[in-house]
Each structure stands twice: as C-alpha cells, then as structure tokens.
Amino acid sequence: MNVKKADLVIIGGGPAGMAAAIEASKNGIRDILILERENNLGGILHQCIHNGFGLHYFGEELTGPEYAWRFIDEVHARNISYYVETTVINFGPDKTITAINSQEGLFIIKPRAVVLAMGCRERTRGALNIPGTRPAGIYTAGLAQKFVNMEGFMPGKSVVILGSGDIGLIMARRMFLEGAQVKMVCELMPYSGGLNRNIVQCLEDFDIPLRLKHTVVAIHGKERLEGVTIAQVDEHRKPIMETCETVTCDTLLLSVGLIPENELTREAGIIVDRRTSGPVVNDCMETSMEGVFACGNVVHVHDLVDYVSREGARAGECAAAYITAEGDKAEGGEIQITAGKCVRYTVPQKIVPKGQKNIRLFFRVTDIFRKVKIVVKANGETVFERKRNKVTPGEMESLEIPGSILNSPTNVNELLVEVQNIEEGQ
Amino acid sequence: MLEKKTLICIICPVGCQIEVCRDDDNIRSISGYGCKRGKEYAISELLNPVRTITSTVTVRCGEHQVVPVKTDKPIPKHLITELMREINKCSIQAPVRMGDIVLQNVLNTGANIIATGNIPVLQQE
Ligand code: SF4
C-alpha cells in the first residue's frame, strides 16, 4: 500500500482548511498536506460571486472568489502541499487517513495531527418531504448558484424560492438580475434565516416579495415543474389549507438549511453535538479525539466566512502547538459551557483552562429578542455581560470573554451563557 | 414636509437600524448607526442610492465558460438593469486575471467592470 508522510493533514481545502494550513505553517509546521475533493482550492467561495466577504478579516469588502484567492495565493507562497480531486474514504480511530485520487491511487497517511474542514452540504427536498410529483426544475439554491455563476447557464425563467437563508436570498437577486422572474421567497418561520442586509439588497431592492410563515405544500408538473401550491402556516408550522394558492413557475429553489458533513467524523468515533451536527470542540478547536481538530462549517454552520477563517486559524495554531509539544498535555480538567436560557448552542462547548487571555464564543439564540443582554455565569454567578439591541437565530452571535473569569474567585467548573431581558435584571 | 424613515444599513453584516428624519432634500437627523460608514450609507441611500454589482461575463477559450466580475465602485441603483444589459453583451478572451478590466467607465458612471477570478486558457489535450 502507498503510504505517505505528513505532520499535519487537513481534510478540506475551503476557507477553513486553508486558514488552518496557513496558520500552522506560520507556527513552524513544514510538513502539511491539504486534501481537497474538488479540482481547486477555495471550496464554495468560487461560486459566491457576490461581495460582502472579508470586512472583518481583511477590513475590506471582497467577493467570494477574491477572498478565496487571497488564501490560495498564500498557500502557494508558503509552499504548502495539497492534492485536489482527492477523496478521503476512511478516517480511522488512530488518525489513519485512507484517501484516493487518480494520480496516486489509494494511499494511507498517518499524520501527527489532523484538521477536519469538510464544510457542509445543503439540505435537499428529500429531507423535507414536499408532496407532489417529481418533475425537473427543482434544485437546491447552491446547485443553481453553481450553474449560473460557474457554468454560465440559467436553470429556469420563473422562480419560487423556498427558504430565506442567505443563499436563497442571494440567488433571488442573481436570478432576477439575469432576467428571470422571481415570484417570491417563502419562509416557514416568522423571521428570515438570512442576514438583514441581504433582505434589503437582494429582495427589497428588486421588489421581490418575502412571504413569512409560508411553505410549499404541493408541486405540479410532469416532465418540467409547472407550478407550486403555497400556504400559510399556523403557529405549529402546520399549513392552513384555506390559504392555499397556486403559483406558476418552472423552477423551485430550496434554501432550507445546511448540514455539516460529518460522515468521516462519526466513522472515527468522534463525539458529535446533536444541536450543531458538528463535533464537540474545546476552545482549541480540538475534538474528542486527541490531536484531531475541526473548524468552519463542519463544526457549526456559519453565516460569515470571516468567522470561518478565524476559526480555521485557531485550529491551525492549536494543531501546530500540539505537534510541537509532542503530547505534552496541559494540566487540569475541562470546563463545560452550557447553553442557558434562549441559547441554542455554543461553540466551543468546552474550555481547557491554561491561562488564555481571551476566549471567543460563538452561539445562536432560539428566537428573535430585542433589548437584551447576553450573560455569562461562572458557577452560577454573573461574570460577564454585553447588551444587544437585537439578536436573531439567523445571525450567529460572537462574544469575546476575558480568560481571567475562569479562575476568579475560585476554580470554575461550569460556564453558562444565557439571554436576559434588560429590565428583568437578575 | 418632515418625513421619518427607517433604513437597514447594508454596509456590514451587523445591519444597524438607522432612523433618518428628512425635510425634502435636507437631512435633519440621523441616528442608530453603529459606525460612521453607516451614517454615510444613510445619506447616500436617501439622496443617491448606490450598489456594487457582481455578475459573470462569458469567457472564450477558457477553462471555465464564465468569469466572475464586479463594478469596482458602487453605481447608482437605477442603472442596475441597464448595467446588466452591458455586462451580458460582452465577452472576454482567456486568460483572464483577477483585476483585469472587462468594461471601462461603464455607462459613464466612472466605474469599471473588473474580473474577480482567474481563468486560464483551456489546454487542448
Ligand atoms: S452602521 Fe456601521 S456597524 Fe452598523 S451595519 Fe452599518 S457599517 Fe455596520
């Protein structure tokens, strides 16, 4: 069997994987190998031709491809090795990676550390169970985005979009600009799953209606989609049949959520969080398997690539430290972070205290709340709080808390993050 | 006539809600912005709304059929449809390098259409 050597293997060459590779290289790791399934580095960014990337990370507004090329150029400049069109087929419990590509055939690597950066995939119609026929013309929004932006053809002329996640909103504008009639965006929830700015610049700018609390209840057409029936839903998200209306269209785009791709993670026996569908990680982005780190959308679905890159860099830095320390592990136990009132999940889920200056927490709330404060409690006592005018499940929240709260006054063994009304106080 | 308007700032993902009070073309007060770029956005949004447009342009003899492009400056919102027509009329020969100008001073806006990706020439095997 073809056996390769590397200190650090990164599975996935998208924004998370590239940031991890670059940071590990900056921290002195020379023997890095990125394994990428597609034919180039950059991942999903190549089809995200709209702008709005990089405001946090580079302080300027870039399009997806421009953002990707900044990282690709740096990977090249640092001579980091990578294989494209390479699929990892097995990830063993002892960090053994089995992969395959047309040049090398089947090969095995047993690296000292691994970064999982496989990203996520779109939820499909099958996962949603829309009744009706199965005609052509139904795509996930991301697939349509690939057709239009990378292959240069339009999937249809009149479009209904189900789901108001960011890709759905962005595709509404894109299809409109390319001359399609975009009839409406339907959203099951009473709020959009996308960023506010995208509702303004993708829908309102072009008078595309957003139907909140609406869903598609039937699909019409034999060979090609001819229309859909939509209906309003009640508070239990059940369609109200009296509100049914039929909308003619030849294309239905689904933007109904993303799922982290964790088949390899599960196969390796790494613990996966049911709320995020990604591996449980500590503040070093290390998973439940020692020396295996994870970052980006494989951990939890982000709405900003800037945060993905930051998480990737953190994973790369910690993987480098792990390799350099050769198993010299930090003393002390882990602190669990609990998602408290109105918080769906936090990432990381654990902290390994070792005198860190700051800890960055990402989390999502369960509903829209206005005029609230985010409260962090250590062993039940409030140790940190931040006001927020508005928080919504569609926008990931980020919080930087000082590391000092972990050891004052006594050793902390549980942190809790919750949302409180400002008036309510304690 | 005094008119109150609520805008959502689209400059960054925070999406601040900005309240503007205007008296025809005179802006009386602006509040709610999280940073000064938001204030500038609110003023421009009322007086002359602009957008950066991204799209794709057909590539001849390239590894891909299309290259992503953008306006290198925001252009007036009312010109978007016309701009898309211009973009869809043109095509470019590979190789294309990021930053290459595809259309100069498009519609006299002072903005250029520039490539935002790299497309190498298709190698015939
Ligand atoms: S006002 Fe500033 S912080 Fe608020 S959305 Fe606009 S650019 Fe962002």
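Hydrogens, waters and symmetry mates play no part in the numbers below; they use all other heavy atoms, side chains included. By convention in this document, chain letters (A, B, ...) are assigned in the order of the sequence lines, proteins followed by strands, and residues within each chain are numbered from 1.
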At a heavy-atom distance under 4.5 Å, which candidate from A:Leu55, A:Asp205, A:Asn51, A:Asp306 has the highest pair count against chain B? A:Asp205
Inter-residue atom distance A:Arg70.CZ - B:Met98.CE, 0.5 Å rounding: 7.5 Å
If you count every heavy atom of other residues, nucleotides or ligands that lies below 6.0 Å from A:Arg364 atom CZ, does the total exceed 12? yes
Side chain, backbone, both or neither: which part of B:Cys16 has a heavy atom under 4.5 Å from chain A? neither
OH-OG1 distance between A:Tyr67 and B:Thr116, expressed to the nearest 0.5 angstrom: 15.5 Å
Return yes when atom CD of B:Gln65 has more than 12 non-hydrogen atoms of other residues, nucleotides or ligands closer than 6.0 Å, and no otherwise. no
Side chain from CB out, backbone as N, CA, C, O: work out which of these in B:Arg37 comes under 4.5 Å of a heavy atom of chain A, or both, or neither. side chain
To the closest 0.5 Å, what do you measure between CD (A:Glu66) and NZ (B:Lys70)? 3.5 Å
Which value, rounded to the nearest 0.5 Å, describes the distance between A:Asn196 atom CG and B:Ile8 atom CD1? 4.5 Å
Does NZ belonging to A:Lys146 count more than 12 external heavy atoms closer than 6.0 Å? no
Any side-chain donor-acceptor pair under 3.5 Å between B:Ser55 and A:Arg174? yes
I want to check something: taking the side chain as every heavy atom from C-beta on, are B:Ile11 and A:Glu61 in contact at a cut-off of under 4.5 Å? no
Give, as side chain, backbone, both or neither, the part of A:Leu177 having an atom under 4.5 angstrom from any heavy atom of chain B. both
Any chance you could measure B:Lys77, atom NZ, to A:Phe206, atom CZ, to the nearest 0.5 Å? 8.0 Å
Under 6.0 Å from the CZ atom of B:Arg60, do we count more than 12 heavy atoms belonging to anything else shown? yes
Which atoms of A:Phe153 approach chain B - backbone, side chain, both or neither, heavy atom under 4.5 Å: neither
If you round to the nearest 0.5 Å, how far is NE2 of A:His50 from OG1 of B:Thr52? 13.0 Å
With a 4.5 angstrom heavy-atom cut-off, which part of B:Ile80 approaches chain A: side chain, backbone, both or neither? side chain
Whether over 12 other heavy atoms sit under 6.0 Å from B:Arg97 CZ: no
Does B:His64 form a side-chain contact (heavy atoms from CB on, under 4.5 Å) with A:Glu151? I'd like the steps, not just the answer. CA-CA 7 Å; B:His64 288 272; A:Glu151 286 163 31; over 6 Å; no
Within a reach of under 6.0 Å around NZ of B:Lys39, are more than 12 heavy atoms found that belong to other residues, nucleotides or ligands? no
In sequence, state the C-alpha distance, the side-chain angles, and the governing distance for A:Ile49 and B:Thr56, and then conclude on side-chain contact (heavy atoms from CB on, under 4.5 Å). CA-CA 8 Å; A:Ile49 62 162; B:Thr56 52; 3.9 Å; yes
If you count heavy-atom pairs under 4.5 Å between each of A:Thr63, A:Leu62, A:Asp303 and chain B, which one has the most? A:Thr63
Quick one: does any side-chain atom of B:Arg51 pair with a main-chain N or O of A:Gln201 as donor and acceptor, under 3.5 Å? no
